[in-house]
Amino acid sequence: MTKDAYTLAREAAAALRAATGLDSFDVALVMGSGWVPAADAIGSAVSETPFTGLPGFQAPAVAGHGGRIRVVRTAAGRHALVFLGRTHLYEGLGVDAVVHGVRTAAAAGARTIVLTNAAGGLRPETQSVGDPVLISDHINLTGANPITGTTFLDLTEVYSGRLRALAREIDPTLAEGIYVAFRGPTYETPAEIRMLRTLGGDLIGMSTVLEAVAAREAGLDVLGLSLVTNPGAGLSGEPLDHEEVLEVGRATAARMGVLLAKLVDRL
Ligand code: HPA
């Protein structure tokens, strides 16, 4: 029998402990494309390990998605695992690879995880490019699920209401929205974007939902944050471009960094 995904995550957590000399970590953050430039603000780096140096991790396929785990000491002395980059379902490596970081964070002792992403905005009437949005719930249209078998996990509150309230205390201007995930890697068609608006979605992206489910399975509290990097396809008349997504991240790094730094010590 091949080694199961949960065992592999425990091995990765043990390797992280050995690499850092730390026994446990308080919180984990997954930095999506557009969020990596904000990572420096979270705290001072204790160590940095490339994904390729840890069991079960894959080198990321996408430019701008990093591919390292940084251990950070926050202003209040907490230890955060900061994932600079993630594996996406569209890379074709399977669901377990997509959620391996989350399972590793849980095995390493984290009780809370912050999942960030870049997203297309489905509500340009009220959203602006460069806005951070708290994810209040999701619609998983990837066709995948990280759980196999008869674990009928309750998903009534995937994104912790308590953590969202805390985030709004830090930044009262934060809006909330429902994040829809497609598998990608293509961006959506304008007809799909119109469908998602009708379905009640506010944000569209290609990540986060599988990680959030795996995090809930592991008992982690989840906070989700999208950075609106563009209006959804067909809503602005402009074609979509990955480079533009990264540029919005660079332009908003200071604001997102302050938000994350304040959050990690209050979660
Ligand atoms: N669609 C899907 N994923 C995205 C988008 C989008 O418009 N923008 C950033 N990530």
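Just the heavy atoms: all of them, side chains too, but no hydrogens, waters or symmetry mates, feed the values below. Counting starts at 1 for both ligands and their atoms, in listed order. A quick note: this is a predicted structure, and the numbers were derived from the prediction, not measured.
With sequence neighbours excluded, no residue forms a salt bridge (Lys or Arg N to Asp or Glu O under 4.0 Å) with D265.
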Every pair of nitrogen or oxygen atoms between ligand 1 and the protein that is under 3.5 angstrom apart - can you list them with their distances to 0.1 Å?
from, atom 1, to, atom 2, distance (Å)
ligand 1, 1 (N), E188, OE1, 2.8
ligand 1, 1 (N), E188, OE2, 3.3
ligand 1, 7 (O), N230, ND2, 2.9
ligand 1, 8 (N), G120, N, 3.3
ligand 1, 8 (N), N230, OD1, 2.7
ligand 1, 10 (N), A118, O, 3.3

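Using a cut-off of 4.0 Å between Lys/Arg side-chain N and Asp/Glu carboxylate O, E157 and R164 are scored as not salt-bridged.
Using a 4.5 Å cut-off between side-chain heavy atoms of Ile, Leu, Val, Met, Phe, Trp and Tyr, with links allowed through other members, L210 and L153 fall into the same hydrophobic cluster.
Using modelled atom types and a 3.5 Å distance limit, the side chains of E11 and Y6 yield no donor-acceptor pair.
Taking the six-membered ring for Trp, Y187 and H242 have ring centres at least 6.0 Å apart.
Side-chain contact check for I69 versus L81: some heavy-atom pair is nearer than 4.5 Å.
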